[in-house]
Amino acid sequence: MSQSLQKVLVTGGAGYIGSHVIYALQKTRRYKVISVDNGHNSHSNALSKVSALSRSELPADASQRDIETTEIESYKCDLTRRDEIRAVFEKYGKGGIWGVVHIAAYKAVGESVEIPLAYYENNVAATLYLLQTMQEYDCTRIVYSSSATVYGIPPTIPIPETTRLKADSPYGKTKVMSETMLDDLCHSDPKWSAISLRYFNPAGAHPSGQIGEHPKGRPGNLLPLLAHMAIGRVDPKTLQVFGNDYPTPDGTCVRDYLHISDLASGHLLALEALAPNSKIFESTPDARYKAYNLGQGKGISVLQIIEAMRKATGFDFKYEIVGRRRGDVPDLTADPALAEKELGFKANEDLAIMCRDLWNFQSKNPEGYGKFD
Ligand code: UD1
């Protein structure tokens, strides 16, 4: 007799990270994915692309159950609206959803300084409402998208998870606050288990070129911006490098890039580690809560990124050095040892592959998924 599929709800499912996480979940053929997304920085085509990609990988004689794993139950839902999220949980009933991967959030540091209340509402209040709704419907397992930004300017590089949390921006603080809620909740009730994943810099796209990043408007992040420059979508064609007077080898900021497919596999490992027999919480007997860095443990500078993208695209990027960007941290390089030891996580793909896959997606889809709806 075949076991029924475990239902996993992914918030922000139609976004860059969400779509790759859903693909990773579907690849196991063990989960039925429910996606909720409010369309803020995501494209509705992403989900049909993910489904089509997963279906194309099924064998010709796939079972009905396998086919079902490639389908996504998707809801347009705003997590700041309690009634909307509650309506989704109500559809599946108490205990109907096995676990949640909570990715939906605003993520721009600069913007968070301008409109902090919108960030606290969308990232903190929404997480609170989600947790309350989960509690009501006996769904007590969650993987949470956190960020390396929780470390502020870290005192040691590479950064271990034991580093004090000291985010500078409202955005970073929303991540610290949400992590704190999860930690407190797990301390209050042994039914709950939660894992925060502190992402370093995700990059690239699925190697098929079917799914990738489709930022709304002009990309603010370095790699998508370079891809848009190479495809001719961004004018002027000179990249502004924000500062070359940092205490780093070439003076430009250093980040720890990891392939989006590796990041997605980290979510899968975290979700599996929430199972009742999981060993990872043995070291935290008071609460089933853990936080892990997801990075490669390798620092790469802005100039190295430009060079890697030049090699991947053949495009001769022009750049000029300008002043520092407010809120930038000189070096964010992970110590990924804990995630490797406890989750079995390893970010294997190197920068050349990330740039190759980013460019593959961008050149196959010059307009991304098409116009935003
Ligand atoms: C930023 C946020 C991070 C957030 C992530 C995703 C900070 C400190 N971190 O990461 O919390 O989760 O975006 O949105 O803001 N750069 C240029 N020129 C550009 C763009 C970027 O020189 O036009 C440089 C930046 O100064 C930085 C590096 O490239 O040193 C990477 O920038 P970016 O891609 O925006 O990512 P982070 O700043 O690391």
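Note that the structure is a prediction, hence the values are computed from the model and not measured. Both counts, for ligands and for their atoms, begin at 1 and track the order of listing.
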Next item on the list: I would like to know whether R81 and D78 meet salt bridge (charged side-chain N to carboxylate O under 4.0 Å, His left out); could you show each step before the answer?
Entry: CA-CA 6 Å; R81 300 281 311 269; D78 193 322; over 6 Å; no
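- Side chains of R141 and R288 form no contact here, defined as non-hydrogen atoms less than 4.5 Å apart.
- Classified by interplanar angle (parallel below 30°, tilted 30° to 60°, perpendicular above 60°), the ring pair Y92/Y75 is perpendicular.
- The protein residues lying under 4.0 angstrom from ligand 1, judged by non-hydrogen atoms, are K107, V109, S147, T149, Y171, N201, G220, N221, L222, L225, L239, Q240, V241, F242, C253, R255, Y257, V302, R325, G327, D328.
- Exactly one of L294, I103, V101 qualifies for a side chain to side chain contact (heavy atoms under 4.5 Å, CB included) with S145. That residue is I103.
- Counting only distance, with no hydrogens or angles, the side chain of R82 and the backbone of T133 share no donor-acceptor pair below 3.5 Å.
- With respect to Y292, the side chain to side chain donor-acceptor pair (under 3.5 Å) criterion is satisfied by exactly one of K341, E342, E161, R198: E342.
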